[in-house]
Amino acid sequence: MRQIYELNTKWAFSKEAQAVPEKKPKNWYVVNLPHTWNAIDGQDGGADYYRGICYYAKQVKKSELPEADQYFLEIKGANSSADVYINGKKLAHHDGGYSTWRVNMTDALQDKNLIVVAVDNGESDSVYPQNADFTFYGGLYRGVNIITVSHSHFDLEYYGAPGIQVTPEICGQDARVKTEVYVTNAKAGQKLCFKIRNAEGEVIAQCEKDVSENVAELDIPKVHLWQGRKDPYLYTAEVALMGGEEVLDQVSTRFGCRSFEIDPEKGFILNGESYPLRGVSRHQDRWGIGNALLPEHHREDMELICEVGANTIRLAHYQHDSYFYDLCDEKGMVVWAEIPYISHHMEGGRENTISQMKELIIQNYNHPSIVVWGLSNEITMSGKSTEDLLENHRLLNDLAHKLDPTRKTTIAAVTMCDIHDPYIQISDVVSYNHYFGWYGGNTSMNGPWFDEFHEEFPEIPIGCSEYGCEGLNWHSSNPEQGDYTEEYQAYYHEELIKQLFTRPYLWATHVWNMFDFGADARNEGGENGQNHKGLVTFDRKYKKDAFYAYKAWLSQDPFVHICGKRYVDRVEDVTKITVYSNQPEVELLVNGESLGKQKSSEHFFYFDVPNKGESMLKAVAGQCQDESRIRKVDEMNPAYRLVEKGAVLNWFDITEREGYYCLNDKIEDLIHSEEGMKLFHRILEDVGMFREASFAEPENMEKLIRMMGGFTVIRMLNTLGSVGDSMTKEQLLSLNEQLNQIPRKRC
């Protein structure tokens, strides 16, 4: 009978070792799993976190393990590639850092055994991801087990699969459930016992078959549907492998019975009813922990996502922990699951995309929460699609349909990808990553862009896979694009909510991102090493105001929230106070005196508040209340002003000459001048942006300007310096002098 033996404690770890040890190392660090070696240096900025090979070693006595015929080492996540050695003998190699994989170590086991796993998150030209806006944390960052089984057992070596595959089909008010299992070393006379249990644990259908018949179809009368957040009802399928009266092995999986459609006009449809998908994207890492998460971390993430009212999650940009997929099933989240085929197509990476797609689908087939398999993300970042890229996507698309005919395929295309590119025509449905109002353009451009796509391609379901802007603990009563204030982030999301949520043809919208996350190459916003587009901070301790904007639209739990709690000191005599609520009416009181009541169908309420001395604010909406305070000051609190951490220059260090350009000007203004455009090209050359020739092509340059036009020159340089060549203080001052010689052109 199968047993699982956890192997997570007291591993010896070394970043300095140069080879596989022959015996248990005495001078290595002792760590417990899950573990990553980039929990600190992968989040502090500088693009200098350690990427290379590290070693984990653990001594195991066979006598300590359950007696069994066969022994498998199960590794649930080793980023990015790994080799397994038992007593010095190499048993296996695996490429892909986000999936479960197993190694049969039966023949290699002795009385005493040294298990060594060499994990490598170094650069590669064949293993994804290699170029992306997040940290590739190295390590054995999920659990490791030894699974013991009988000689005859359910398969453990096929792409890390659970050995059981369940496919429900809705038939009127009933469901027909096809259950397929895969048996290794089956013997004549063995039987398979199939059972289905309801959520209460009662057996509602069962049958017995000879081991040679590995498929059973059982009916569920008056099936209880899996209805997303409204009613995520789950059944359980169990299959026992019997040798006479003895249970030799057993597997089980939960599943849900549901149907869905993705209509290009009506959007997402669940069980025959409109079910607009409005939700968030999630990266798995945390502050000071990296990707080495415990179950309580996953549960807290899910609780926060449920609180904001989301009904869908894009699990970006890789396969997530199986436990989190389980939570999605339980909570009724509709899921987009994808592989890390991202940003830059590698001609040597095709086989890795195929193996990662196989692992993603085969391991997660039974989860009712998953409705689409993501083929790639922003893969045309560096220009047009190539024939090799297109062929890679066609292979992945066909593979996904072959492995799973019940679900759709999708891609996340970047703004710069032309909607006529043949890449857009490959998957079943499409989504775009747009940041109009943050990286370029303005917020009003988002909705109309989707209208134009929908008008030209009415047969293609279109969604928004990423949108967002960065918000930190900086504040302003006059927020502007690119200022990183919490107020601008809130304004941005107010505008995007109104545009995206009122377009029913959008099959799904996913905020980028639910949580701030590690991106060690980033050098912006005043806190380097992170992407701060999250609705919640990296440590999960603070819900930004934008979080409550979504809660107002999506959650059914009554609440009211006063924005700007971290923005106390204000200079203006009358200040705007924003309140979010899902209640129809809000009243605001200042020092106990009412400023009146407001109604808003958009859930956003704006009050002009006299700012004198210190004022206590109270918002009342039905039975809900929230409080905050403001204080009149003569000068802006410098703690509210962005100062780039580690930046060579900040905006206030820069000499400005009236009527001429400087580093504080926006790209979209600079390029109106012919001289300014020439200088902009030279800047890109200086930071190495033209190393890839496609960037210099006029159409790609136009797209780059469109995307980054809202950046000031200094902000662009701080950002691009993390992916290209950083400029020194002297170089920046010299550049500013050159800009000071170019007359500002009025538009």
Side-chain angles (χ1 to χ4, degrees), residues 166-179 195-205 218-238 252-263 266-280 282 298-315 320 322-337 364-372 406-408 463 501 504 507-510 514 550-559 582:
V166 178
T167 309
E169 181 184 359
I170 308 301
C171 306
Q173 294 186 330
D174 306 328
R176 173 153 292 179
V177 181
K178 176 184 175 183
T179 303
K195 293 180 181 179
I196 294 177
R197 297 182 185 272
N198 60 20
E200 293 69 42
E202 302 166 332
V203 176
I204 58 172
L218 295 169
D219 293 332
I220 303 177
K222 296 183 179 179
V223 65
H224 192 148
L225 297 176
W226 188 88
Q227 294 274 31
R229 289 291 306 275
K230 293 183 290 186
D231 185 11
Y233 192 89
L234 296 172
Y235 292 92
T236 300
E238 295 178 358
S252 66
T253 185
R254 294 186 303 179
F255 67 95
C257 297
R258 51 100 178 105
S259 64
F260 73 90
E261 301 172 60
I262 302 178
D263 186 272
K266 300 176 182 178
F268 190 80
I269 298 168
L270 180 64
N271 298 322
E273 297 181 1
S274 176
Y275 193 74
L277 296 182
R278 304 292 177 252
V280 298
R282 183 218 187 209
H298 293 294
R299 289 195 296 270
E300 183 181 24
D301 279 8
M302 181 56 74
E303 289 168 2
L304 287 164
I305 293 171
C306 287
E307 181 187 345
V308 84
N311 64 4
T312 179
I313 308 175
R314 180 183 174 208
L315 292 177
H320 284 232
S322 59
Y323 181 66
F324 198 80
Y325 291 109
D326 289 340
L327 291 175
C328 291
D329 295 340
E330 293 172 10
K331 298 298 183 180
M333 292 292 170
V334 175
V335 168
W336 167 332
N364 297 289
Y365 181 93
N366 298 325
H367 292 288
S369 54
I370 299 174
V371 298
V372 291
T406 73
R407 293 180 173 94
K408 303 293 186 181
F501 288 14
W507 76 269
T509 60
H510 294 97
M514 181 64 192
Y550 285 92
K551 187 173 180 178
W553 274 74
L554 300 175
S555 175
Q556 301 301 311
D557 297 329
F559 86 100
N582 54 7

By ring-ring contact (aromatic ring centres under 6.0 Å, His included) - contacts of [X] (at least two apart):
X      : answer
Tyr365 : none
Tyr235 : Tyr233, Phe255
Phe559 : none

Tell me whether [X] contacts the main-chain N or O of [Y] through its side chain, where contact means a donor paired with an acceptor under 3.5 Å.
X      : Y      : value
Asn582 : Asp557 : yes
Tyr323 : His298 : no
Asn271 : Ser259 : yes
Arg407 : Ile370 : yes

### Message
Please enumerate all residues that pass side chain to side chain contact (heavy atoms under 4.5 Å, CB included) together with Ser252, with sequence neighbours excluded.
### Response
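For Ser252 the side chain to side chain contact (heavy atoms under 4.5 Å, CB included) partners, ignoring immediate neighbours, are Thr236, Glu238.
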
### Message
Could you work out, with side chain to side chain contact (heavy atoms under 4.5 Å, CB included) as the rule, every residue matching Lys266, not counting sequence neighbours?
### Response
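With sequence neighbours excluded, Lys266 shows a side chain to side chain contact (heavy atoms under 4.5 Å, CB included) to Asp263, Ile269, given in chain and number order.
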
### Task
With Arg299 as the cation and Phe324 as the aromatic partner, state whether NZ or CZ is under 6.0 Å from the six-membered ring centre and within 45° of the axis.
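Judged by the rule (NZ or CZ under 6.0 Å from the ring centre, within 45° of its axis), Arg299 is not positioned above Phe324.
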
Enumerate donor-acceptor pairs with a distance under 3.5 Å from any side-chain N or O in residues 171-178 to protein atoms, sequence neighbours excluded.
residue, atom, partner, partner atom, Å
Asp174, OD1, Lys222, N, 2.8
Arg176, NE, Asp219, OD1, 2.8
Arg176, NH2, Asp219, OD1, 3.3
Arg176, NH2, Asp219, OD2, 3.1

### Query
Can you tell which of His510, Arg229, Arg278 makes a side-chain hydrogen bond (donor to acceptor under 3.5 Å, both in side chains) with Thr312?
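When side-chain hydrogen bond (donor to acceptor under 3.5 Å, both in side chains) is applied between Thr312 and each of His510, Arg229, Arg278, only His510 qualifies.
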
### Query
When you check the side-chain N and O atoms of His320 and Arg282, is any donor under 3.5 Å from an acceptor?
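Result is yes, a qualifying pair exists.
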
